[in-house]
**Student:** 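Sharing a structure below in structure tokens format, with a few things to ask.
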There are 2 protein chains.
Amino acid sequence: MARATIDDVAALAGVSMKTVSRVVNKEPNVRATTREKVESAIAELDYRPSQSARSLAANRSYVLGLLYDNPSASYVIDVQSGALASCRRLGYDLLIHPCSHESASIIEEVLSLVRQNRVDGLILTPPLSDMVELVHQLVEAKVPVVRLSPTEDKKICPYVQTNDQQAAYEMTCRLLDLGHTRIGFIAGHPDHKAVVQRFLGYKQALDDRAIALDPALVEQGYNSFDSGSECAERLLALADAPTAIFAGNDDMAAGAIIAAHHRGISMPAELSIAGFDDTPVAHQIYPSLTTVRQPISDMSERAVELLLRSIDGKPKGAEASMDCCILERESTGKAPSV
Amino acid sequence: MARATIDDVAALAGVSMKTVSRVVNKEPNVRATTREKVESAIAELDYRPSQSARSLAANRSYVLGLLYDNPSASYVIDVQSGALASCRRLGYDLLIHPCSHESASIIEEVLSLVRQNRVDGLILTPPLSDMVELVHQLVEAKVPVVRLSPTEDKKICPYVQTNDQQAAYEMTCRLLDLGHTRIGFIAGHPDHKAVVQRFLGYKQALDDRAIALDPALVEQGYNSFDSGSECAERLLALADAPTAIFAGNDDMAAGAIIAAHHRGISMPAELSIAGFDDTPVAHQIYPSLTTVRQPISDMSERAVELLLRSIDGKPKGAEASMDCCILERESTGKAPSV
DNA sequence: AAACAAACTGACAGCGCTGTCATCTCAATT
DNA sequence: AATTGAGATGACAGCGCTGTCAGTTTGTTT
């Protein structure tokens with residue numbers, strides 16, 4: 001027995017195909033009694049609309065694309081789960097599309113997704129969302145896009161951001177309050193705008209407390225565990241080593257903790273370490289990591305809502321800001337000499 | 001300027017629509033010169049076939065579904081990346097579908113995906129792949145399925161597995177070779193068949209070396225970091241505590257390491273710990289974790305190939321087995337008294 | 001050179017929906 | 001009772017492809 005089509009339902013309910021379509025799509029202007037007839041016919045035949053047929057007829061795929069190029073599994077999973085939550089609620093599917101932001105053909109690759117009618121819109125996550133050229137080309141091609149990034153060009157497309165700079169500022173202040181004056185910073189990947197903002201927060205806090213930024217205390221990392229470990233190595237080898245290290249993300253902070261372990265430094269007694277992101281590793285290491293939690297899945301959930309609004313032609317320029325919160329764990333404590 | 005359709009290409013190339021379709025789908029029986037004409041017309045018009053139109057006409061979505069219910073981000077990401085690699089190569093898209101294996105309506109939910117023509121086939125990962133009822137219903141509904149699980153019913157549908165039992169056996173032997181005789185085991189979630197097999201490997205190794213299995217040394221965990229930490233707590237509180245702990249997965253092993261840290265036990269000098277999976281945390285903790293690496297993304301890559309073969313009506317009952325390898329890191333060493 | 005098979009190509013009818021627009025219904029108004 | 005118009009419904013033409021099958025060309029055989 002073949003699957004029921006919209007015609008079967010229409011015949012059984014004694015209405016036209018179009019009315020069934022109205023009911024299925026929750027369109028207005030259907031009499032309540034008619035709606036019920038149709039609904040019971042749908043139930044009786046166990047009818048499910050064919051996704052491909054509606055896509056073709058309506059000229060939209062009911063699929064959103066999630067683009068990312070991020071080595072952190074937990075970040076990606078969080079983004080996915082938020083986006084999926086919205087998608088399910090709103091009747092959309094989600095196509096995940098990891099890709100390399102360094103690939104020369106990335107713009108072509110992404111446009112191709114849209115040109116084939118595979119997706120109705122795109123969510124860009126860092127660092128892709130920070131690629132000006134990519135965003136511009138997509139906007140120009142009239143592809144609905146939402147960015148998960150802080151932004152200056154507020155008008156160009158909807159976006160969702162967190163106040164990374166503010167959170168990093170607060171974290172730095174906490175370390176200062178604990179008596180640390182020499183606080184090392186392991187900076188994240190320069191292409192990743194949100195991570196760069198964390199450095200600005202650190203700088204600003206030092207500035208506000210009238211502590212000169214010692215360039216020797218700032219190391220350039222690349223978001224990875226290994227880079228964090230190498231940077232910490234250098235910081236700890238300094239004659240006048242820092243008593244606290246603030247890393248631009250948790251992976252690098254975890255690397256710093258390992259480097260300290262290997263030097264036999266006890267934490268937090270001799271050294272405090274703070275991270276950013278609250279990835280799972282943050283509470284799986286010893287000592288557990290003081291860090292900043294971002295509402296990643298809330299952000300992507302919101303991003304999908306903005307994206308659908310944009311697809312449905314609602315006002316552009318929508319935006320959303322969300323707050324981070326600091327999680328104090330075992331890895332931070334009073335400065336040694338205090 | 002609207003997007004080019006297959007008719008535009010046909011007109012420009014001076015052939016019929018159908019011939020363009022043949023070229024696009026790489027069907028045989030097209031003369032080389034014709035193919036070239038068509039290809040250059042495609043290039044000139046920058047033509048991309050509409051996914052929805054081909055889905056409707058061909059009655060397949062060119063999308064596969066990946067079902068999972070696994071709290072480990074790194075596992076999920078690995079599975080995704082392998083599956084995506086195959087999908088891209090073979091012209092398919094991948095729909096990710098996290099779901100709860102404890103949900104009462106899961107079968108309904110999954111069947112609905114297929115009934116709507118959203119996916120042409122499904123990849124089931126543990127623990128969903130171990131749900132006999134679910135698998136049976138899908139097979140009965142003639143849904144192409146591949147399981148990422150060890151299996152007894154070899155005939156029922158294609159599957160890809162690893163030799164978890166063998167790897168756990170070997171790991172246990174290594175610990176025995178290091179002089180450990182009291183080896184604790186933290187068992188994984190009983191619903192997760194592959195993890196259960198690891199326990200069998202442990203038992204078998206003890207058996208082969210004529211060491212009686214002490215039930216006090218076996219704790220029941222649930223795959224999570226916290227459960228591992230609690231189990232280790234109990235093992236280490238034993239009057240006659242083990243000198244080594246083998247956990248059914250890395251998260252639990254990481255929990256065990258933290259528990260040991262909190263007791264001030266030094267590893268590996270006083271206690272060896274081994275895990276299974278080689279998740280990122282394995283080399284981000286201190287001491288870094290001796291574990292077993294599974295070719296997860298290779299497995300899911302292979303699974304997609306088997307699935308497409310099954311969709312295309314090729315011989316059923318296909319299977320694939322892949323090997324694990326042991327990674328010796330800092331967390332294991334000689335037994336203390338040796 | 002005729003006969004035949006194999007390779008190649010095209011005409012056409014849908015696939016199962018949605019958008020458009022015309023039509024119909026019926027309560028509210030005059 | 002006639003008029004009106006918003007609300008409710010339906011007829012119909014595609015959306016852009018693929019499958020089927022018939023027709024045409026080419027190469028091979030005797």
Side-chain angles (χ1 to χ4, degrees), chain A residues 1-39 41-42 45-63 91 114-118 120 311-313, chain B residues 1-39 41-42 45-63 91 114-118 120 311-313:
Chain A
M1 189 196 67
R3 279 187 31 214
T5 72
I6 200 170
D7 292 284
D8 303 328
V9 177
L12 181 60
V15 299
S16 79
M17 206 162 84
K18 181 64 211 185
T19 297
V20 178
S21 169
R22 286 195 180 93
V23 172
V24 168
N25 292 295
K26 306 196 197 313
E27 284 173 31
N29 299 343
V30 178
R31 196 175 304 159
T33 57
T34 312
R35 185 181 303 278
E36 277 160 28
K37 269 193 306 185
V38 171
E39 272 164 359
I42 288 176
L45 297 174
D46 193 23
Y47 165 73
R48 324 281 171 105
S50 151
Q51 200 63 20
S52 5
R54 35 192 341 230
S55 298
L56 181 58
N59 193 31
R60 47 153 99 187
S61 63
Y62 299 96
V63 174
V114 182
R115 305 281 314 283
Q116 288 179 115
N117 280 358
R118 282 154 119 81
D120 294 339
I311 288 173
D312 291 336
Chain B
M1 188 196 69
R3 279 185 33 213
T5 72
I6 199 171
D7 291 285
D8 302 328
V9 178
L12 181 60
V15 299
S16 77
M17 206 163 82
K18 180 65 211 184
T19 297
V20 177
S21 169
R22 286 195 180 93
V23 172
V24 168
N25 293 294
K26 305 196 198 312
E27 285 173 30
N29 300 341
V30 178
R31 195 175 303 158
T33 56
T34 311
R35 185 181 304 278
E36 278 159 29
K37 269 193 306 185
V38 172
E39 272 164 358
I42 288 176
L45 297 173
D46 194 23
Y47 165 73
R48 323 282 170 106
S50 150
Q51 200 63 22
S52 5
R54 37 194 336 232
S55 298
L56 181 59
N59 193 31
R60 45 154 99 187
S61 63
Y62 299 96
V63 175
V114 182
R115 306 281 313 283
Q116 288 179 112
N117 281 358
R118 281 162 184 267
D120 294 339
I311 288 172
D312 291 336

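Quick note on labels: first sequence line is chain A, next is B, and so on, each numbered from 1.
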**Student:** Looking at five pairs on each end of the helix from C:dA1-D:dT30 to C:dT30-D:dA1, what is the angle between the two axes, given to 10 degrees?
**Tutor:**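 Overall, the helix from C:dA1-D:dT30 to C:dT30-D:dA1 bends by 30° from one end axis to the other.
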**Student:** For B:Tyr47, what residues pass the ring-ring contact (aromatic ring centres under 6.0 Å, His included) criterion, not counting sequence neighbours?
**Tutor:**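 Listed in chain order: nothing, the list is empty.
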**Student:** Only pairs under 3.5 Å count here: list side-chain donor-acceptor contacts from residues 24-31 of chain A, not counting sequence neighbours, and write none if there are none.
**Tutor:**
unit_1	atom_1	unit_2	atom_2	d
A:Asn25	OD1	A:Arg54	NH2	2.5
A:Asn25	ND2	A:Ser21	O	2.9
A:Asn25	ND2	A:Ser21	OG	3.4

**Student:** When rounded to the nearest 0.5 angstrom, what is the spacing between OG in A:Ser50 and CZ in B:Arg115?
**Tutor:**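 Going from the OG atom of A:Ser50 to the CZ atom of B:Arg115 covers 12.0 Å.
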**Student:** Name every residue in residues 52-61 of chain B that has at least one heavy atom under 4.0 Å from any atom of DNA chain C, in order of residue number, or write none if there are no such residues.
**Tutor:**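 Output list: B:Leu56, B:Ala57.
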**Student:** Atom pairs, N/O to N/O, protein against nucleotides 21-27 of chain C, distance under 3.5 Å?
**Tutor:**
none

**Student:** By side-chain hydrogen bond (donor to acceptor under 3.5 Å, both in side chains), which residues pair with B:Ser61, not counting sequence neighbours?
**Tutor:**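 Checked B:Ser61 against side-chain hydrogen bond (donor to acceptor under 3.5 Å, both in side chains); matches are B:Asp120.
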**Student:** Sequence neighbours left out, what passes side-chain hydrogen bond (donor to acceptor under 3.5 Å, both in side chains) with B:Asp7? Give chain and number order.
**Tutor:**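 Per chain and number, B:Asp7 pairs via side-chain hydrogen bond (donor to acceptor under 3.5 Å, both in side chains) with no residue.
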**Student:** For B:Glu39, check side chain to side chain contact (heavy atoms under 4.5 Å, CB included) against everything at least two apart and list the hits.
**Tutor:**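 Applying side chain to side chain contact (heavy atoms under 4.5 Å, CB included) to B:Glu39 gives B:Val23, B:Arg35.
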**Student:** At what distance, to the nearest 0.5 angstrom, does CE of A:Met17 lie from OG1 of A:Thr5?
**Tutor:**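 The OG1 atom of A:Thr5 is 9.0 Å from CE of A:Met17, to the nearest 0.5 Å.
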**Student:** In a check of side chain to side chain contact (heavy atoms under 4.5 Å, CB included) between B:Lys37 and each of B:Ile42, B:Val9, B:Val15, B:Leu12, which one passes?
**Tutor:**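 Result for side chain to side chain contact (heavy atoms under 4.5 Å, CB included) with B:Lys37: B:Val15.
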**Student:** Under 4.0 Å from any heavy atom of chain B: name the first and the last nucleotide of DNA chain D that qualifies, 5' to 3'.
**Tutor:**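 It runs D:dG16 to D:dT26.
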**Student:** Nearest 0.5 angstrom please: A:Gln51 CD to B:Gln116 CD, how far?
**Tutor:**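 Between atom CD of A:Gln51 and atom CD of B:Gln116 there are 6.0 Å.
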**Student:** For A:Pro49, which contact category applies under a 4.0 Å heavy-atom criterion: base, sugar-phosphate, or nothing?
**Tutor:**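 A:Pro49: backbone/sugar contact only, no base atoms under 4.0 Å.
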**Student:** For B:Ala11, enumerate each residue passing the side chain to side chain contact (heavy atoms under 4.5 Å, CB included) test, keeping only those at least two apart in sequence or located in another chain.
**Tutor:**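 Listed in chain order: nothing, the list is empty.
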**Student:** For B:Ala57, check side chain to side chain contact (heavy atoms under 4.5 Å, CB included) against everything at least two apart and list the hits.
**Tutor:**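 Testing B:Ala57 for side chain to side chain contact (heavy atoms under 4.5 Å, CB included), a comparison that skips the adjacent residues, returns none.
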**Student:** Looking across every strand, which nucleic acid part, if any, lies under 4.0 Å from B:Asn25 by heavy atom: base, sugar-phosphate, or nothing?
**Tutor:**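 The answer is sugar-phosphate, as B:Asn25 gets under 4.0 Å only of primed atoms, P, OP1 or OP2.
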**Student:** Who passes side-chain hydrogen bond (donor to acceptor under 3.5 Å, both in side chains) against A:Arg22, sequence neighbours left out?
**Tutor:**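 A:Arg22 satisfies side-chain hydrogen bond (donor to acceptor under 3.5 Å, both in side chains) with no residue once adjacent residues are dropped.
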**Student:** Looking at OH of B:Tyr62 and OG of A:Ser52, how far apart are the two atoms once the value is rounded to the nearest 0.5 Å?
**Tutor:**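 If I round to the nearest 0.5 Å, the distance is 10.5 Å.
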**Student:** How would you label the contact of B:Val24 with the nucleic acid (heavy atoms, under 4.0 Å): base, sugar-phosphate, or nothing?
**Tutor:**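 Since no nucleic acid heavy atom lies under 4.0 Å of B:Val24, the category is nothing.
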